[in-house]
Each structure stands twice: as structure tokens, then as C-alpha cells.
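Structure first, then comments.
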Amino acid sequence: MTAVLQIEKLNRNFGALKVTRDVDLTLERGARRALIGPNGAGKTTLINLITGGLTPTSGRVLLNGEDITKTSQAERARRGIARTFQINQLFRGISVLENICLAIGERTGACNNLWRPAGASAGIIDEAFGYLESLRLADDALRLVRELPYGRQRLVEIAIALAQQPRVLLLDEPAAGVPSSESHLILDVVDSLDPEIAILIIEHDMDVVFRFARQITVLVAGAVFTEGTPDEIKHNPQVRAVYLGEEVHGEQAAGQGATHHG
Amino acid sequence: MAASDVTTAGPDDRRARARAFIERRHRIRLGEIVPWLLIAAVFFIFPDRTTFGTQVLIAIMFALSLDLILGYAGIVTLGHAAFFGIGAYTVAILSARLGWGEPISMLFAAAVLAGIGGLISGWFLLRYRGLTLLMLTLATAVLLQEFGNYRSDITGGYDGVPGMEIWKLLGVFENDLWGHNYYIYTAIVLFVVFIVVRHIIYSPFGQALVGIRENVRRMHAIGSPVHRRLVISYTIAAAIAGIAGALFAESTAYTTLGVFDFDNSAKVMVMLILGGTGRLYGAFAGATIYMILEDEFSKAFPEYWQFGIGLVLVLTVLFARRGLLGLFEDVAQYFRRSKS
Ligand SMILES: Nc1ncnc2c1ncn2[C@@H]1O[C@H](COP(=O)(O)OP(=O)(O)OP(=O)(O)O)[C@@H](O)[C@H]1O
Ligand SMILES: [Mg+2]
């Protein structure tokens, strides 16, 4: 398999705080990888480092073998890295449809045009509508984003990322804050994405993780704690100790953790 | 609606409606003729007030240029007078020092020079946002003013450039005592500028500016070259402000370093907020009402007129957040709702 995205020895400090430590991670074409870890483990930070929202203190990020560590965030997006945000980052004052059109317009370069009316490009509107239909947002196409309930806004969050036609898609807790009645829709959508896209998903719901992921990376205190298939992770006692919690007693976990590191 | 309707007619219907909405948005609506009718009407109804009218038209143009960057792209600036000033001084120096007084070509020269000013300062400053940007834009205007003061041998300092000689329009029309010709001239230039701004607003580029205003983080994430978009819009706005400044200098045949004053930058922002930002006609309503209020207040209370303007602004911000046009919309909607 070919690696689309590679991270090598990535580090990031905030002052004295080491939020990312020596992280190595590879996403192959069509990868379905989950990134799990307790709150504050540095999962979102890692996504920011991959997209270029943050620059690493040291280490490299490679896209299709090319070093993009110094490449701007926008340029990385244009080269095929898309993300969604843990907390919605939407264009709240304009319609849902225009949110999507904007992503398409920036992807295709249509937004460089200062003269032709935006409404004249039927192709863009049709494409945007396609994403809305696949996310069952078509009925809300003309509503302002800020008027939508939170669950629907989460879908717009994903629709924008899809409109970027990414090769690498980073989903930061896509179903967070959504009632379970609606979160199914979001997860179904994620399940049915193009198998060619490499996907990294951050998710706290272990049922979702085990259902969706083919590989899982466990991040603890900024470092990769362990990596493996869902089965391996499910039966890894140390992971249970630090992340899945309850089943193992604290004492035992500490002992095993020490063995693991020593 | 039956379930079968939803699956058969529904999707295409929705798509058609959505497309129609987007396609229709940029079409010129009937109501848009109103401001132009008013501008024409003023000429015939108040023939002895066209000199003042010209200044109102210039203020509209200045506010319109600010709307492009403040209302659409969300760039807050307190230094927009810098570009108005560059435009005014282009005319002053060309006509008083270099012996060239042809009005229309001077507008182009002013647009180019102010545009270059916008390009250079924008390229440096538009990495910043919010309060930092506010201070830096303010400082830019002050720097220009101080530079003008330092070279007062050329600029005439705060006393103004003496001996500006503006040639006849098209070699025929003089700036007559009543200012009739200049009113028409300014109205035509305003119309051309307006068409340009309107095109930009409804273009995909204009949509990207709105995106930057609404959520700059997301714009970076979807691959938008944010800095470049901002610099381009800033350059265009600067050029338009430059044209407004040039018209000011041509119509009054007079310019002092006062054009760079903080007052001037603040005033144009007040006008825009008064009318409503990001709504294209906010500049028209705001600048007109501001100018009329200023004129009336300063006649009625020569000492306290600024208090009156301040009061109007406070009332606007408290009760008409989206400006007078926003208020107008809300009221119209209220009556439409209560009728049905
Ligand atoms: N800009 C910043 N400045 C300082 N500290 C930061 C910054 N961003 C994140 N941190 C810290 O880095 C650590 C990791 O944060 P991050 O948001 O990456 O965690 P996370 O794994 O995504 O957590 P969660 O599951 O709660 O989303 C936290 O302790 C956080 O306080
Ligand atoms: Mg997080």
C-alpha cells in the first residue's frame, strides 16, 4: 500500500508543555484509522499540525512523499488535506448552500473571479447540491447556517470538507454534541465515504471506533501509546487501563504500564 | 405532500429552487433604481444645493469603498482617509505643481496612486486583525499626514496647496458657480464605481470575502489564499477612496493635510455604520443622512453639532444594530408578518 500521509517524529510544545511528543503516524490510501485517547491527549493538536494550523517544534509531515512541513495551511488544503472541526467553524451568516459553494469555489479557483456573478456557475451549484443531498441537507439548502439545529450544523461541517474533494480527511469528533438519534446519520455518512480517501477520525464512542476503524492509534499525554487493529486494541490490557478504564484496577495498570515502557 | 412526491418531484424541485435563488440574487431589483432617481431628482428640485449634493455623492463613494473591505471582508480600519488623501493630493500636486489639470485623467492617476498605497500598506498590515490592525491603519494615515507636513514646501501643509488649476471637463464644462456640472460628473463617476463594486460583491471573489468575514479559520482550512484576497480587496477599496478624494479636490479646487485627519477616517466609518454595513446601499443611506444631519446641526447648534451626530450614532448602535437599512428591513418584515 502507498502512504498518502506520513508524520515523522513530530513534536509540539506550548511553552514548557509538551503536547505532541515524537509522534509517528502513517495513513495509507483508503485508510480508516481512529485516533483515540483521553481528554487533553493532544489529538486535536495533532490534526492542527497535519493541516498546518500549527507548526511543529520539530519533525516532518509528508504528503505523497513530499515534505509539506513548511507549506501553508491553505496550500495543504489545496493539495488534498481536509478537516472538520471539533467545535463548528462555519460561515454562519450565509446559507448552507453558499457554505458548500465557497469550498468548491476555492478548490476550483472560481473564487479568483471578481466579475462574473457567482450565480452564473450552474456546475458549482449542482455539485454543492449533490453533497447536500448525500447528507440529507437538501431541505435546508437556503437556510442560514446559524438557524440550523446543532446536529444539522455538524453535517454542514462534514459537507464542506467533502466539497474539498480531499485525499486525506481528518474528522475531529464529527458526532460530538449531537443527540444519538442524529449521530447515526453522521456516522453512516462517514461509513459510506469514498474508499479511496484516507480517513483519520477522532472519536470517543468506542462502539463507533470499533465499527468504523481498521487501525487504531492510541494517544496518551501527547505520545503514541500503542497502535493496532480494533481487535488488538480491544484486548490490550494497558489500553484498557489508561483509556477504557474501569476493567483494570489502578495498581495493576501502573505496573503494566511500567513494564510496557521499561 | 405524499411520500411519493418527495422522492419523485421533491429533489429536482428543491434543486431548481435553490439554483433559482442563487441565480437571481445578483440580478438588479426594481428597488435599486430608487437611489439613482433620488440623485437625479435632487438635481432638479434643489438646483441651488448641488455643490452640497456633490459633497454628498463623494461621501457616498468614500463610504462605499469602505463597505467593500469593512462590510464584506470584515477588515476594520481607522485609516481609510489615507487613500482619500492620496487621491486629493494627486489632484492637488498635478494641478498646482505639475501643470496638468485635466479632471478625468487625474481621477485615473489618483486611483492608481491610492491603489498602490493600498497594495503596499495592505500587504504589510493585513496579516493582522482586530485591534492591532485598527492601530496600524490609523498609524499609516498619521504617517502620511506627517510626511505631508514635513514636505510642506510641496503640500502646502495645513494651509493647503495654493494655485490648483482644474481644467474644464472634456474641455467644455466648467466648474460653474452652482456646481451643476460637477454634480453630474460626480454622479456619473459614482455610478461607474458602484457598478464595479456591485459586480465584485456578487462575484465568487466577493463570496470569498464574506467567507473571510464570517470565519477566517475555515477559509484557511478550505484552501483560500486569505491574505491575497484581502490585499486585492483593500487595493480596490483604496483606489475607489482615491477617486473620491480626487473628486473632492477637483470640485473644491482646494486641499489641505486635514484630509488625512483621523476625523475623516472615523466619519466615513460612522456613515457606513449608520446606513448599515455589508449591504451595498448602506453607504448611500448612511452618507446622505450623515451629511444632511451635519449640515443641519452645524447651522442650528454651531457649538454642539458634534453632540447631535454622536447621539444619532449611539441610537443607531443601540436600536438599529444593522444600520438604518437593517432597521428598515426589520420594520418592513414586521408589517408583512402582522398582515398575514
Ligand atoms: N494554543 C494552545 N496553547 C496552550 N496549550 C494548548 C493550546 N492548544 C492546546 N493546548 C493544550 O494541549 C493539550 C492537548 O490539547 P488538545 O486539544 O490537542 O487535546 P485533545 O486530545 O483534542 O482533547 P479533547 O479530547 O478534549 O478534544 C491540552 O492540555 C491543552 O490545554
Ligand atoms: Mg480535541
Side-chain angles (χ1 to χ4, degrees), chain A residues 51-53 72-85 88-99 101-122 124-126 128-130 132-133 138-139 141-142 145-146 157 160-161 163-164, chain B residues 1 6-7 10-28 68 71-72 74 127 195-229 232-233 235-236 277-279 322:
Chain A
T51 58
S72 78
Q73 189 180 359
E75 178 59 29
R76 292 183 203 197
R78 287 195 288 273
R79 291 209 212 157
I81 300 180
R83 71 171 296 181
T84 66
F85 290 82
N88 285 344
Q89 299 291 338
L90 300 169
F91 310 112
R92 293 169 54 80
I94 60 178
S95 69
V96 172
L97 187 62
E98 286 166 292
N99 268 255
C101 288
L102 206 44
I104 300 172
E106 288 290 4
R107 186 195 80 218
T108 60
C111 285
N112 292 319
N113 191 311
L114 283 86
W115 198 254
R116 214 176 45 139
S121 27
I124 289 182
I125 300 167
D126 275 342
F129 217 84
L132 294 185
E133 271 167 358
D139 282 330
L142 297 182
V145 167
R146 64 160 178 259
E157 188 64 46
I160 292 175
Q164 292 177 246
Chain B
M1 207 191 256
V6 177
T7 48
D12 288 338
D13 235 33
R14 288 183 307 208
R15 190 183 286 240
R17 234 184 316 127
R19 194 199 271 190
F21 168 77
I22 303 258
E23 276 174 359
R24 235 182 288 129
R25 241 177 13 147
H26 64 270
R27 300 243 176 98
I28 293 180
L68 185 62
Y72 287 89
R127 296 152 206 285
I195 294 295
V196 170
V197 172
R198 198 179 184 286
H199 264 277
I200 295 171
I201 295 308
Y202 287 112
S203 73
F205 177 85
Q207 291 288 285
L209 293 185
V210 171
I212 293 170
R213 180 192 74 200
E214 292 288 318
N215 194 333
V216 71
R217 282 183 75 184
R218 193 53 180 248
M219 286 305 275
H220 286 295
I222 64 172
S224 177
V226 170
H227 184 250
R228 192 173 83 208
R229 302 240 185 282
I232 291 173
S233 68
T235 303
I236 296 169
T277 59
R279 40 184 56 249
R322 291 154 58 231

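Here is the naming used below: chain letters follow the sequence lines, and residue numbers restart at 1 for every chain. What you see is a predicted model; the values in this text were computed from it and never measured.
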Side-chain donor/acceptor of Arg107(A) to backbone N/O of Ala163(A), under 3.5 Å: yes
Could you state the interatomic distance from CD (Glu214(B)) to CG (Leu209(B)), rounded to the nearest 0.5 Å? 12.0 Å
Is it the backbone or the side chain of Asn99(A) that comes under 4.5 Å from a heavy atom of chain B, or both, or neither? neither
Strictly distance-based, threshold 3.5 Å: is any side-chain N or O of Ser203(B) a donor or acceptor partner for the main-chain N or O of Asn113(A)? yes
Portion of Ala138(A) that has a non-hydrogen atom of chain B nearer than 4.5 angstrom: both
Ion pair check, Arg25(B) and Glu98(A), cut-off under 4.0 Å: yes
Ile232(B) versus chain A, the contacting section by heavy-atom distance below 4.5 Å: side chain
Tell me, do His199(B) and Val196(B) make a side-chain contact under 4.5 Å, heavy atoms counted? no
Is Glu157(A) salt-bridged to Arg83(A), going by a charged N under 4.0 Å from an acidic O? no
Is Glu106(A) salt-bridged to Arg229(B), going by a charged N under 4.0 Å from an acidic O? yes
So, do His220(B) and Val226(B) sit near enough that their side-chain heavy atoms are less than 4.5 Å apart? yes
Which answer fits Arg116(A), side chain, backbone, both or neither, if we ask what part of it has an atom under 4.5 Å from a heavy atom of chain B? backbone
Per-residue contact mode, Ile125(A) against chain B (heavy atom under 4.5 angstrom): side chain
Out of Ile124(A), Ile160(A), Leu97(A), Ile94(A), which one racks up the most heavy-atom pairs below 4.5 Å with chain B? Ile160(A)
Among Gly211(B), Pro204(B), Ala208(B), Ala18(B), which has the most heavy-atom pairs under 4.5 Å with chain A? Pro204(B)
Given heavy-atom pairs under 4.5 angstrom as the criterion, report whether the side chain, backbone, both or neither of Gln73(A) touches chain B. both
Can a side-chain donor-acceptor contact be found between Asn112(A) and Arg228(B) if the only test is distance below 3.5 angstrom? yes
Turns out that what part of His26(B) lies under 4.5 Å from chain A's heavy atoms comes down to side chain
Hey, which of Gln164(A), Arg76(A), Gln89(A) has the most heavy atom pairs under 4.5 Å with chain B? Gln89(A)
Side chain from CB out, backbone as N, CA, C, O: work out which of these in Ile236(B) comes under 4.5 Å of a heavy atom of chain A, or both, or neither. side chain
Contact part of Leu102(A) toward chain B, heavy-atom cut-off under 4.5 Å: side chain, backbone, both or neither? both
Which of Ile81(A), Val145(A), Asp139(A) touches chain B most, by non-hydrogen pairs under 4.5 Å: Asp139(A)
Greatest number of heavy atom pairs closer than 4.5 Å to chain B - which of Ala74(A), Cys101(A), Ala77(A): Ala74(A)
